[in-house]
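We use all heavy atoms of the structure for the numbers below, so side chains are in, but hydrogens, waters and symmetry mates are not. These numbers were taken from a predicted model, which means no experiment stands behind them.
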Amino acid sequence: MSTATILWILAAIVVIAIVVTLLAVRARRRRVQSAQRIGLPDLGALSTEGLDKQHTGGSASRQPEQ
């Protein structure tokens with residue numbers, strides 16, 4: 001293969017990679033916008049901190065009396 005053919009193939013691969021990346025970014029942005037429209041919090045804003053402390057008084061955590 002000639003150098004020009006190799007360069008055309010590489011250029012096509014780079015263009016395809018850029019288009020795929022742009023489509024992925026666009027899809028992610030659309031998901032975030034649609035989630036915000038229906039009132040869902042950002043996934044990064046969710047936290048499990050304190051979940052085990054909230055339910056310590058429940059009946060499931062009690063030990064049976066003897």
Side-chain angles (χ1 to χ4, degrees):
M1 275 196 278
S2 69
T3 304
T5 305
I6 293 173
L7 289 177
W8 277 109
I9 292 172
L10 289 175
I13 291 172
V14 168
V15 168
I16 290 170
I18 290 171
V19 168
V20 167
T21 302
L22 290 175
L23 287 174
V25 168
R26 180 178 172 219
R28 183 177 185 272
R29 195 177 313 141
R30 284 184 146 191
R31 268 192 313 244
V32 168
Q33 287 176 348
S34 67
Q36 288 174 347
R37 267 187 259 127
I38 62 172
L40 295 177
D42 256 356
L43 288 180
L46 299 178
S47 173
T48 59
E49 186 176 317
L51 284 181
D52 56 344
K53 296 176 186 173
Q54 290 179 353
H55 302 292
T56 55
S59 62
S61 64
R62 293 184 188 166
Q63 294 181 356
E65 296 178 15
Q66 294 179 353

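- Every residue two or more places apart in sequence or in another chain that forms a side chain to side chain contact (heavy atoms under 4.5 Å, CB included) with I18 is listed here: V14, L22.
- Remark: T5 engages S2 in a side-chain hydrogen bond (donor to acceptor under 3.5 Å, both in side chains) (not counting sequence neighbours).
- In the hydrophobic clustering of this structure, I9 groups with I6; members are Ile, Leu, Val, Met, Phe, Trp, Tyr whose side-chain heavy atoms approach within less than 4.5 Å, directly or through other members.
- Under the side chain to side chain contact (heavy atoms under 4.5 Å, CB included) criterion, R29 pairs with V25, Q33, not counting sequence neighbours.
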